[in-house]
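Just below is one structure, and these are the notes that go with it.
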Amino acid sequence: MNEFLREQNDHRDGRLRAIEVNQAEIIAFQKAMLYLKFSCEETDSLLYAGSDSLNSLLYKMMKASDMAELEASFYNKTSLVNEAFVEQKVKRLEQEQPYVQPPSQEQANEIMKSYMYLFLSSNQT
């Protein structure tokens, strides 16, 4: 099994619940999340793009996909184009909210990691 598909900490938010989804629903959710993360210009989308719960669900959907191995190989690397897009969106957010204290470099790296998920951010390589 691809290393990227190994179990993550699924129990951090309590008891797991089972749902049934088909491949079309998996693809639709993945497309919606990828749009939110890497195409949506609205800075408010960062709230959801970096959500641990949504990233966890995105991982689970990828793992349940008929194309899990292929997707894991595709995502388990950096995407400089998507990273540049996210960085620009973060800069716009900082300009919109100048009263918010900027995070430390360590915090900024962790935030970027969550925004970039399923891809690796360049500070992870």
Side-chain angles (χ1 to χ4, degrees):
M1 177 180 277
N2 188 305
E3 184 66 29
F4 193 63
L5 296 177
R6 298 220 185 276
E7 288 297 319
Q8 294 185 7
N9 183 7
D10 288 338
H11 300 284
R12 68 175 177 264
D13 293 324
R15 182 176 66 82
L16 295 178
R17 288 144 183 92
I19 62 169
E20 292 184 13
V21 295
N22 62 40
Q23 185 64 24
E25 292 166 329
I26 291 171
I27 291 169
F29 178 78
Q30 289 173 324
K31 284 183 177 183
M33 284 300 298
L34 294 174
Y35 169 79
L36 185 73
K37 288 174 164 286
F38 307 120
S39 297
C40 181
E41 296 282 343
E42 295 292 325
T43 56
D44 288 344
S45 68
L46 290 169
L47 175 65
Y48 304 104
S51 165
D52 286 343
S53 295
L54 288 174
N55 282 340
S56 176
L57 183 56
L58 183 58
Y59 167 80
K60 290 173 185 177
M61 291 291 199
M62 182 197 63
K63 191 172 175 183
S65 171
D66 291 344
M67 299 175 287
E69 289 287 332
L70 180 65
E71 290 176 18
S73 296
F74 177 78
Y75 290 116
N76 198 21
K77 56 186 151 196
T78 58
S79 172
L80 298 179
V81 171
N82 286 329
E83 190 160 355
F85 176 83
V86 171
E87 287 171 348
Q88 287 300 314
K89 193 164 32 170
V90 169
K91 286 178 184 174
R92 286 196 320 276
L93 179 64
E94 290 169 352
Q95 291 170 350
E96 292 171 9
Q97 300 177 347
Y99 47 84
V100 176
Q101 183 176 354
S104 69
Q105 187 59 51
E106 183 179 327
Q107 291 169 327
N109 289 344
E110 286 300 311
I111 292 167
M112 182 57 76
K113 180 179 170 183
S114 67
Y115 290 156
M116 287 302 299
Y117 189 80
L118 291 160
F119 290 106
L120 300 176
S121 65
S122 59
N123 63 33
Q124 288 179 272
T125 56

Nearest 0.5 Å please: distance from the [atom1] atom of [X] over to the [atom2] atom of [Y].
X: N76; Y: L118; atom1: CG; atom2: CG; value: 9.5 Å
X: L80; Y: E87; atom1: CG; atom2: CD; value: 9.0 Å
X: E25; Y: Q30; atom1: CD; atom2: CD; value: 12.0 Å
X: L93; Y: L46; atom1: CG; atom2: CG; value: 6.0 Å
X: T43; Y: E94; atom1: OG1; atom2: CD; value: 11.0 Å
X: D52; Y: L57; atom1: CG; atom2: CG; value: 12.5 Å

Can you find a heavy atom in the side chain of [X] that is under 4.5 Å from one in the side chain of [Y]?
X: F29; Y: V21; value: no
X: L34; Y: Y75; value: yes
X: V86; Y: M112; value: yes
X: Y59; Y: M61; value: no
X: P103; Y: E110; value: no

Establish, from distance only, whether the side-chain atoms of K37 and N55 form a donor-acceptor pair under 3.5 Å.
yes
Donor + acceptor pair across side chains of E71, S65 (<3.5 Å):
yes
Kindly assign one of parallel, tilted or perpendicular to the pair F119 and F38, based on the angle between their ring planes and the thresholds 30° and 60°.
perpendicular
With distance as the sole test, does [X] use its side chain to make a donor-acceptor pair with the main-chain N or O of [Y] at under 3.5 Å?
X: S51; Y: L47; value: no
X: Q23; Y: D66; value: yes
X: R92; Y: E41; value: yes
X: K89; Y: C40; value: yes

Mind checking who shares a hydrophobic cluster with M67, ILVMFWY linked at side-chain heavy-atom distances under 4.5 Å?
I27
Can you tell me if [X] has over 12 outside heavy atoms packed within less than 6.0 Å of its [atom1]?
X: F85; atom1: CZ; answer: yes
X: E42; atom1: CD; answer: no
X: E96; atom1: CD; answer: yes

Compare every heavy atom of [Y] with every heavy atom of [X], then report the nearest pair and how far apart it is.
X: S79; Y: N82; result: OG-ND2, 3.1 Å
X: M62; Y: A68; result: O-CB, 3.3 Å
X: N123; Y: S121; result: OD1-OG, 2.7 Å

Test of understanding: clusters of I, L, V, M, F, W, Y form through side-chain heavy atoms closer than 4.5 Å, transitively. Do F74 and Y117 belong to the same one?
yes
Tell me whether I19 is reachable from M33 by hopping between hydrophobic residues (I, L, V, M, F, W, Y) whose side-chain heavy atoms are closer than 4.5 Å.
yes
